[in-house]
Amino acid sequence: MPFNKLGLFSSIVRAVAAKGYGEPTPIQQQAIPVVLSGRDLIASAQTGTGKTAAFALPILNRLGPHKLPAPRVLVLEPTRELAAQVDEAFREFGQFTDVRTALIHGGVGYGAQRNALHKGSDIVIATVGRLMDFLHERALRLDNLEVLVLDEVDRMLDMGFIKDVKQIVSLCPKKRQTLFFSATVPPEIEAVARFALHDPVRIAIGRARSVNESVTHAIYPVSQGLKFQLLLALLEKTDFNSVLVFTRTKHGADKIARKLEAAKHTVAVLHGNRSQGQRTAALKGFKDGRFEVMVATDIAARGIDVAGVSHVINYDIPMTPDDYVHRIGRTGRAAAVGDAFTLVTPEETNDVRAIERFIKATIPQLKLEGFDYHAAPPPGQPTQGDFRGRRQGQGRSSGGGSRGGGGGGRPAAAGAAHHPKGKPGGHWHTGGRH
Ligand code: AMP
């Protein structure tokens, strides 16, 4: 069913068309009528499914024109980046209305945010900590709230915010609409839902543990000492739009970024030790295409939407299988095609097995053609975790589980190195599989 048949006003449908959306995604098809009806909702949906529009469009529709007293809508997000992204979505979808939004998050000054609240913003999009500050200083009251959105609740739980979230819920009027989004809904989250929601409609989109079908993924076994060399070689042999490289630690992210810069790549870094200004600049520069690579810790793995991330590389294997799904969900969003690769040392083989059990699929194992797996590691590199003794062909068999596998089935022009941004495609020149 097209957007104009979902019961949305023409001002909203026009904004959707201006964004270039064709058909609503499955979560939009299912959630928009529920939200318009005023009922509470629990939606479990994978990241990248279009869930922001699934709540933003019908909320804007229900709000009508700007009205005081404000706010009438509160959206809680786990991270500053997500809050900023959702605020931008509301502003874009509300561009033909006079509705006002306020973005409230930590890491920046209080003044401008306090002013926005004082002037009266219909929709407040906030992270938990800064919102609590404003509630304590009474710069904000929630008495007039009509809609409460709890987004990425599983992430908020992981980050230890649940007590604050419950307190915020208890400050909202009893008569309100509550919308609840979480990739997974384990029992702890059910408990929060019981506390916050009244007779909700439930929607589940796709298997929460599945890998987005538009992503091809593969693992590249390598010794610890040659890991960075392999990353460089992968970057050199690919034709990419933009690449997100994940490391486990903030220190690791800084180190890899410095080394990539030394190898003449343009690099942004995103992790929790950077100032808000640096985080915003990194993300903006990466989105604009000024940086071809962004090195990030898992802070960037949830929900961040960068159109055109053609490749995700897990330099370090993620801490949990769940993080794997989130990390590689950064590419292949909204049906674009993307590749996701994980560099794996022998010590990490068990982690790969755990991920495969979690996603119920075998991840194809690839070797980069032309890369010298027998080279001595550069000075200063650890030598443990060595795959060099293993003969080609001894790895687990590839195939199964995922569509294609890395470059498999995707022809790429021979000899192509980096291509300028904006060039469509972006395929790896990989050698044959084991
Ligand atoms: P989300 O899951 O809300 O973070 O959305 C993921 C990406 O899909 C964002 O870039 C959205 O702009 C995009 N998107 C959402 N809905 C649609 C749609 N109906 N058609 C095309 N792209 C969409």
Side-chain angles (χ1 to χ4, degrees), residues 1-8 12-33 35 41 43-61 75-95 101 103 123 125 149-156 179-184 203-208 210-215 241-242 244 283-284 286-289 294 299-310 312 325-338 340:
M1 191 188 284
F3 278 105
N4 62 7
K5 294 277 175 356
L6 286 172
L8 298 168
I12 312 282
V13 175
R14 259 169 71 209
V16 169
K19 276 282 273 178
Y21 294 179
E23 290 282 301
T25 64
I27 185 144
Q28 291 161 3
Q29 300 259 10
Q30 293 187 43
I32 289 173
V35 181
L41 172 71
S44 54
Q46 268 177 259
T47 181
T49 50
K51 72 181 160 72
T52 314
F55 62 80
L57 299 175
I59 285 176
L60 285 164
N61 212 80
V75 183
L76 280 186
E77 294 289 340
T79 66
R80 300 167 193 175
E81 282 76 12
L82 267 171
Q85 193 172 289
V86 169
D87 176 61
E88 192 182 338
F90 266 108
R91 279 188 284 116
E92 284 176 350
F93 295 138
Q95 64 176 300
T101 74
L103 173 61
I123 304 171
I125 299 110
V149 181
L150 303 175
D151 195 17
E152 305 254 341
V153 184
D154 50 346
R155 183 69 167 154
M156 291 204 257
L179 311 176
F180 194 97
F181 292 83
S182 190
T184 55
I203 294 177
I205 298 294
R207 282 176 31 232
S210 72
V211 168
N212 199 323
E213 285 196 349
S214 53
V215 179
N241 293 331
S242 51
L244 193 45
L283 201 53
K284 184 168 184 308
F286 187 57
K287 284 184 176 179
D288 294 348
M294 182 158 81
I299 194 173
R302 298 267 181 152
I304 293 298
D305 179 39
V306 181
V309 172
S310 57
V312 165
V325 174
H326 283 286
R327 283 186 183 185
I328 79 169
R330 299 311 91 219
T331 184
R333 292 173 72 81
V337 176

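Read the numbers this way: they start at 1 and go in the same order the structure lists the ligands and their atoms.
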Any atoms of ligand 1 less than 4.0 Å from a non-hydrogen atom of [X]? List them with their elements.
{"X": "Lys51", "answer": "1 (P), 2 (O), 3 (O)"}
{"X": "Thr52", "answer": "1 (P), 3 (O), 4 (O)"}
{"X": "Thr25", "answer": "16 (N), 17 (C), 18 (C), 19 (N)"}
{"X": "Thr49", "answer": "2 (O)"}
{"X": "Phe3", "answer": "19 (N)"}

Considering distance alone, does some N or O of Gly50 sit under 3.5 Å from an N or O of ligand 1?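 The answer is yes, given that Gly50 and ligand 1 share an N or O pair closer than 3.5 Å.
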For atom 16 (N) of ligand 1, the option (of Gln28, Glu23, Glu88) bearing the nearest heavy atom: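 That would be Gln28.
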Counting heavy atoms only, which part of Phe181 comes closer than 4.0 Å to ligand 1: side chain, backbone, both or neither?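 No part of Phe181 is near ligand 1 at this cut-off.
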Ignoring hydrogens, what is the shortest heavy-atom contact between Gly22 and Phe3? Give both atom names and the distance.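 In terms of heavy atoms, the two residues are closest at O-CD1, 3.4 Å.
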Going by ring pair (Phe, Tyr, Trp, His ring centres under 6.0 Å), name the residues that satisfy it together with Phe180, two or more places apart in sequence or in a different chain.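 Phe180 satisfies ring pair (Phe, Tyr, Trp, His ring centres under 6.0 Å) with no other residue.
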Sequence-distant partners of Phe90, ring pair (Phe, Tyr, Trp, His ring centres under 6.0 Å), two or more places apart: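 Ring pair (Phe, Tyr, Trp, His ring centres under 6.0 Å) list for Phe90, sorted by chain: empty.
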Evaluate side chain to side chain contact (heavy atoms under 4.5 Å, CB included) for Leu57 paired with Gln28, printing each intermediate quantity in order. CA-CA 9 Å; Leu57 299 175; Gln28 291 161 3; 5.5 Å; no
In Å and rounded to the nearest 0.5 Å, what is the CG to CE distance from Asp151 to Met156?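 Between atom CG of Asp151 and atom CE of Met156 there are 6.5 Å.
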So do the side chains of Phe55 and Val86 get within less than 4.5 Å of each other, counting heavy atoms only?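 Yes; the side chains approach each other to less than 4.5 Å.
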